[in-house]
Amino acid sequence: MSRASGPRSGDAIFASVERVNAELFTLTYGAIVRQLLTDLEEVEEVNKQLDQMGYNIGIRLIDEFLAKSNVSRCVDFKETADMIAKVGFKMFLGVTASVTNWDADGTCCSIVLEDNPLVDFVELPDTCQGLYYCNILSGVIRGALEMVSMKTEVTWTRDMLRGDDAFELQVKLLKQVPEEYPYKDDD
Amino acid sequence: MATTACFIIVSRNDIPIYEAEVGSAVKREDVAHLHQFILHAAQDIVQDLAWTTSAMFLKAIDRFNDLVVSVYVTAGHTRLMLLHDSRNDDGIKSFFQEVHELYIKIILNPLYLPGSRITSSHFDTKVRALARKYL
Amino acid sequence: MDPARTPLGRMLLDEITPVVMVLRTPLVEEACGKNGLSFVEMLSPFCSFSNIDVPVRTASDQPYRLQKFKLRLFYSSDIRQPDVQVANERLKDVITQAGEKDLSNLSSELPQVDELLSSSESDIMPSWFQFFNKELIRTMSFSDHEAFDHPVACLLVVSSKDEQPINRFVDLFNSDQLPSLLNDGAMDPKILKLYLIVHDNQDGAPEKAKKFHNEMRSTFGSNSSQLLCINSSQGGLVEHLQNPWAPFKTDASPTQRLGGFLNIDDFNEIKKLTQDLASKHVIPYMEEKVRVLNQQVSATRKGFKNQIKNLWWRKGKEDTPDASNGPVYTFSSIESQIRVLGDYAFMLRDYELALSNYRLISTDYKLDKAWKRYAGVQEMMGLTFFMLDQSRKEAEYCMENAFNTYLKTGPTGQQNATRSGLWWVEMLKTRDQFKEAAGVYFRISGEEPLHSAVMLEQASYCYLLSKPPMLRKFGFHLILSGNQYKKSDQIKHAIRTYRRSISVLKGTTWSYIQDHVHFHIGQWYSFLGLYDSAVSHLLEVLSCGHQSKTTQEFFLKIFLQTVQKTGKACQVMRLPLPVINSSSLKVVFEDHRTYASPAATGVRESLWQSLEEEIVPSLPAARANWLEVQSNFTSKPNKNSNMCIVGEAIKVAIEFQNPLQISIPLSDVSLMCELCARSDDADSEANSLTAELQNDEATMLTTDRFLNSDMSSFALSNVELTLEGGGRKMVQLTVTPRVEGTLKIVGVKWKFSSSVVGFHNFVTGSVKKIQKGGKKNKQSPADSLKFDVVKTVPRLEGFIQSLPEKVYAGELQQLTLELNNKSHLSVKNLKMKISHPRYLNIGNQRNLNMDYPACLEKKTNSAEKTILEPHTINAPRNVFLFPEDTVVQGDTSFLWPLWLHAAAPGKVSLYIILYYEIENPESFMKYRTLRMLYNLEIFPSLDVSFQISACPSTLEEFLVRMDIANKTSTRNFQIHQLSSIGYQWEISLLQPTDSIYASPTLMSGQAFSCYLILKKSKRLDRAEANGSPVCSLTVSDIQLSTEGAGGKMYDSSLSPVKDFHNVERLQHGKSLEGDSNMVDFVLIYWPLDSETDPGVSDRPSLFSHHECHCSVASTSPISWVVEGPRLIHHDFSTSFCEVTLKMALYNSADAAASVRINTLDLSRNGDAQSRDESTLASGKQAGWYNVSLDSEIKVTSDVSGIQMKPLSSDSASPFVWTGSSSTKVRLPPLSTLGIPLQICVFSPGTYDLSNYILQWSLVLPDDQGNHGETRPSSGTCQGYSYFLTVLQST
Amino acid sequence: MGREVSESCIDSLVTEMVFSFCNRFYADKSDLAARRIEAIGYQVGHQLSERYTMERPRFSDHLEAIKFICKDFWSEVFKKQIDNLKTNHRGTFVLQDNRFRWLSRMSVEPSLETGQEGENKATEAMSMHLYFPCGIIRGALSNLGIPCAVSADISNLPACSFVIRIKA
Amino acid sequence: MQFFGGSDISPSPPAPTAAGHNANVMYMFNRNGVCLFYREWNRPLRTLNPQQDHKLMFGLLFSLKSLTAKMDPTSADKGNLGVPQLPGQGCSFHSFRTNTYKLSFMESPSGIKIILVTHPRTGDLREALKYIYSLYVEYVTKNPVYAPGSPIRCDLFNTNLDQYVRSIS
């Protein structure tokens, strides 16, 4: 496929897309989290559901990402991870993330966020210890990557709400699933 | 600095969600309820005023002996009430304004449910600092 | 409305009226006394006229008529300022009486806010307020700074029985018993005198009286003399339907009959008398006086000139004796006269005139700084304005002015202030300005407690009545007044006010307020001895976390004292101490599932169920803890309640929480239950009865009964605990049903500091349902606390004997599972499953009674390999079935061996499920399961790693490098033996054991490594011969240490080692039938020193480390060696030398490979060639050169000297490959092939025959292409160096 | 603070929220789902109004507050004002947004074969997306001391009108 | 184009030279081979039932892709024939032409495949397909009531698509 017009920079896209007041986004997410906390009492369960929601969002979001970023192939995990951090976070959340801590065989890395609109004004009460407030992000990444045939496992290794100095997501590539021929060869 | 200054935040449904004795006087058990009584009673006055004026800062709306009640009513009808014996109104006013900003930060915390007690220690320390600064 | 009709109006018309001074002789009183009345009292009822209808003219000759009018009669002795002390006493009595009256409804129900609001002023206000206020005002009368109390006329009364009444009249007046007002010149002593002679008809006919009367007329003037005859009725038995005197007799006792001797004629006489007293004398006199005074005033003061003069004159006299009430004004002074004028005018309703004069005078007084008088005038002005009903502002201004001015004038002023305040309040009330009125009340409350109490209370009602009602203010002022009442120990009133305040303060979260109110009411009640009410209020303040520690202790102390005073052990529903965290409620019971340990109950049900799946026939959906969501109740007999077994305890965990900072003792904490037995049961009716009782005290009754009666149908556990300040504790309670039926857990009860019993109902404190994954559970908490109690079934208790908590990795231990069957029935069909077979494995009956580890020793102490039968290596079944015949009889215990292998360091929790069936068919349950949970912590011991590399010298031989590091800090290990398990692989030592290392033991922290050789066992050829693929694992062992175990070897092919090994293999994902390039190693070792760190098991045990799936395949599947002579003697003189070599190729891949060997010409391979070699050396077979060297060193040592020379001198000494320059062969998988090679050498020397290349490629079947294997499918290899030395033979 | 994020963030978040509550947590109990979604909106509105009224004097009457919602509040949230405000002067107000952002991309096929129940499902799915904005409005107003009930009408997409009934 | 809020992601479509309908059929498959979308503007001949038709089309693409990849002389790593690939892996064809029609094909890394069958004389449609892809993003993935992976039923998408396709030369 022609790569004549290569991937566009995150900033360029962010400048071009429709934007909304971040507070609305932040508060909406917060309200959702709280509703979940009240509905399903157990923090573990909330983490799970948030991740699940994120996954579903990722599935939808990936196409917009590809269309706007003009990325034409996501075969190399390293490359893709970079894309997500540099372009993806920028074009959606307006913040830049960095990719670090590559392991030897290039299947595991960390995405680090210094700044995260999701957690503006958030303060974890004692009752919510163990809550991964931003768990939706990990879900989004997981979902998006799965759509480009990368099965991954995304976990939080640092969380500012728990007193760390940044947010760090560890993304581990489990396997790349090729596209199968969906139909039985009955004829 | 005010010798007596009892600061209370009252939610719209008349529930005190934050209380602090910020006066320089040593905190005495036996006046705690008196202060509450005065502020509590003062709300009758606030209620009258709240819908009649649109001003946020209502100074000295009520008094009991030498104690004066000043109130700051937000658009959301949350009432920041101060029971004080000092007389520097603009000090009090700016105290209210800054506390209001802090309060909004609290409100915006999604995990804080409106109308519940404010337990954030950070908030508490900030408020007391402001009290030292302005009252 | 007409001001005169307002309350204030009436008050004024009542209070501000002309005063008539009465002077009388004792005999007069005597006469009246017969009626139980004094003279004044007798007349008073007839002194207020509803329509007297007297024509009057104003000063300016405006005619008008007076309708309502009133005279006030006083004995001269009473015309003076009343004593404050006395007055207060009287007031006090009034209040106390009122209090007594209230006592009745103290214990009544609290008034609600809304009904307070709905009810009118009159019935909110206590009735006695009016009276109180009036009395209060009276205490200010006859002050000299105002004139309306000054007597207008003087009535001299003489009895007809007196001798020379005429003289009596004279000295009556002259006698010095006149009030001070007249004497000290405050008022004009020249006062209108009226003379009255009273005749008592009891003393006979009035002739004598008439005679006197005529004398009087002649002496005092005809119209100022009167005759009054009374007591006309004989026997004094006259009944008066409505007794006119009652209101005037303060101390009227109902028994005493008033006016017994007065008949209707007397009435009329009296009426007539007072009538013309007023109309003929008083009013005309005042009218006249007003006219006269008015003329004087206008003469001296009206007009501009006069005013200037007046003003200048007042400036003139600067001498003001005392600032308080200015100069003394005699009656003759113009000021006094103006004041009199004003007051008279006021009393004659000529308000304009009054007002103008008040105005006039007030300025004067002001200038004179005669403050008290000034205030008085202002007061009157205010009232006048009110009566004129004009300019309310003015009126209020005046009142306020008066009020403040009074306050300025010392203590007496205080009282006047109060009076004007009261009038002011009335004024505001009539104008519905209740808020302001309240304010005034507050201001006149003053210091004196009782007084202020009343005022504050009135203030509070004003707030209540104001529109909109100001309830909080209402409450606050009630509290304030309550305080004052308490100060003047009117406790009943205090309670009354406080209780009223509750109605508005109820339910506020203003904690301090709540505490204050309830605490004080409580205290006061107990002071009055109403302890129950006291307790009920004190309860409210118990959980006061926000209060300081000292306060909390204080509250608690008072509460407990009060409780003691009540005498009986009080039982309280919803005792707020301690707080019970309903959401923490957790019920654990055992139906078909039983638990070996509390730890096991903590595990999620889902986890257990997943483990049980294969074991349990059909997974029934009871739940271990009702907070868990479950959906299907299919297999339950009773849908909405759980099942439990007679004699087996139901455990309930509930969290108690202490809001206080002080620790609180709790005792007798136990559950409240109802058990409704099956109808066929003995004591059914008793229990069913209890089951019906639903309301709280009923349950407390029944529970009590059950606690005490030992033959009750269930047993309850009883807990004591002490909650530290701010502490929270989970409390474990149990109930054990003794009969079948339905059991309901109602709530929990406890005894607080051994005096108060508290209850808490679970259902009332029901927690809201969790909603997970959209599934809604259909069970309400109430249901989940109901149980079907079914007939007892056997229950196994099980545990693992001496399972350590901490072990070192690799440890292999023998354990025993012990099962006890307490019941008399036996159970069968035992099954068992373990969550982590890697760590815990099930042995078999055999090794129960053999001694371990000896049993693992090999019979023959040889290192020869054994073969594992294929069937032994299949995966361990994850459900273990005990032998058919195993039956655990009642009251017996049952043992079974288990093996523990600490496979990997870290923490692991082992879940064990034991399934068994009950052996009598009609039992309600067919089977039960026992759930066990053990946590194991494994420390790292030895860290073992293997590295395999092909050995060039010989085919199918590999060098194994074993690295061992002792990770422990304390322990030393003895390395005992190493076994290899794999297809045809055979491990052997490179050198004899003792030469490898100094000591066979490994100190803590020590590490070492050694080389071993791994070679194909010969049996391969046979296998290959008959073409069958190799499918049998061989085990070969080598002993690494001669010491320990008497040089015995352990057999890795015996279980448990074998079993664990298989698990390990599975653990690493690959199938057991791995390809033949895989080999496993088992290292067996044990700790040397018996000294152990605590907690770690020190029983005799082996350690085994399993390293699985070490691949022997090098990067290229093709390996080869060139075999042939190394040293040849040849006579070059005869011919060149032909040397034949054999290249043996081996294909280790599982696919066929095609190999091409290209021999290169020596000329064409230069240094490039050698460089390739060097890269080859450094790159591929790293770490094998040196080894191969020292393995070959013996061979080449002697010739090395010579051989190097020719190499170095001329490396180009020629030799050529003969035969085909390139051969291509096809190698079937896992096979070797020999290929002949030949070279010609033309001159002696040492040659390196490495100049050939192998190109190989695997022929892959298509289906495996996508395995993503790391191994390439084709490649090219440089030849190995092979040194051949040819010597000139001689 | 002028911080911004891409519109797709909020869009997809809201979409997913509605989806999760309707189809995962409260499948087949749409009323419950609706209540939850509305509650979430309520909290957001509650907070936002507190935030946006920070430097403005209190409203002395209802109309003022409503106007605030139409102008400042709406443009903060949707970058545009309400296009049309109607009231009956008896406590009912109708706010119309001619092109309501959150519905601008919502469309279903006037489907040929799905039939009646398909239609209903589609409309129900759509209406589910209205509880959130309704909740926001209600939360905002009640934070300003005006308890009310809010409903929405999307009879002609992408226009959407919100009906506010103030509780007397 | 207001709908894209001034975003210049989508290439503005090539200006229509000859007004009229060059497009015959359009398919859209997702990574699982589900036919998300099928629309025909001009298809006189219909032989198969839709399922078979879609299946055939997908099969054609699938094998064509792996073939092209296999025959790729440039790339070093040859996937075996028929061995499935990652989307975007190896080389990929973007159109072929027969004497009667032209088939243009694009595949996003997320496995969305857009197939547009047009008149044989139509030019390079890669940009056009990209644009259609962005239409899909805008009106399908962002449609709150569209469930990912299900057949597309959004008239906003249809209308915009029709309008655009009409302009293709």
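Since this is a predicted model, take the numbers as computed values, not measurements. So that the names make sense, note that chain A is the first sequence line, chain B the second, and so on, each numbered from 1.
Surrounding NZ of A:K151 are at most 12 heavy atoms belonging to other residues, nucleotides or ligands under 6.0 Å away. Heavy atoms from other residues, nucleotides or ligands lying under 6.0 Å from OH of D:Y131 number 12 at most.
Taking CG from D:L13 and OH from A:Y29, the interatomic distance works out to 8.0 Å, rounded to the nearest 0.5 Å. Rounding to the nearest 0.5 angstrom, the gap separating the OG atom in D:S20 from the CD1 atom in A:I57 is 7.5 Å. Note that the CZ atom of A:F25 and the OG atom of D:S8 stand 10.5 Å from one another [nearest 0.5 Å]. A distance of 14.0 Å separates CG of A:N56 from CE of D:M17, quoted to the nearest 0.5 Å. For the atom pair OG1 (D:T15) and CE (A:M53), the distance works out to 10.0 Å, reported to the nearest 0.5 Å.
Contact tally against chain D (heavy-atom pairs below 4.5 Å) for A:L36, A:I32, A:T26: the top residue is A:I32.
Side-chain atoms of D:K79 never come within 3.5 Å of backbone atoms of A:N21 as a donor-acceptor pair (strictly under, hydrogens ignored).
For D:R101 and A:E18, the salt-bridge test passes: some basic side-chain N is under 4.0 Å from an acidic carboxylate O.
Of the two parts of D:S12, the backbone and the side chain both hold a non-hydrogen atom closer than 4.5 Å to a non-hydrogen atom of chain A. Heavy atoms closer than 4.5 Å to chain A are found nowhere in D:Y42, neither backbone nor side chain. In this structure, chain A has a heavy atom under 4.5 Å from the side chain of D:F19, while its backbone stays farther away. With a 4.5 angstrom heavy-atom cutoff, D:Q43 touches chain A only via side-chain atoms. Heavy-atom distances place the backbone of A:M91, and not its side chain, under 4.5 Å from chain D.
The side-chain heavy atoms of D:R51 and A:L27, taken from C-beta on, include no pair separated by under 4.5 Å. Side chains of A:Q35 and D:F25 form no contact here, defined as non-hydrogen atoms less than 4.5 Å apart. Side-chain contact between D:E16 and A:V140 is absent, with no heavy-atom pair separated by less than 4.5 Å.
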Enumerate donor-acceptor pairs with a distance under 3.5 Å from any side-chain N or O in residues 94-101 of chain A to protein atoms, sequence neighbours excluded.
residue : atom : partner : partner atom : Å
A:N101  : ND2  : A:S110  : OG           : 3.4
A:N101  : ND2  : A:E168  : OE2          : 3.1

task = Applying side chain to side chain contact (heavy atoms under 4.5 Å, CB included), run through A:D115 and D:R3 and close with a yes or a no.
result = CA-CA 12 Å; A:D115 179 16; D:R3 184 173 194 152; 2.9 Å; yes
task = Starting from the C-alpha separation in whole Å, work towards a yes-or-no answer on side-chain hydrogen bond (donor to acceptor under 3.5 Å, both in side chains) for A:Q49 and D:R24.
result = CA-CA 10 Å; A:Q49 294 302 345; D:R24 302 233 316 282; 2.3 Å; yes
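Pairing each heavy atom of D:S6 with each of A:V20, the nearest pair is O-CG2, 4.2 Å. Between A:T28 and D:I40, the shortest heavy-atom distance links the atoms O-CG2, 4.4 Å.
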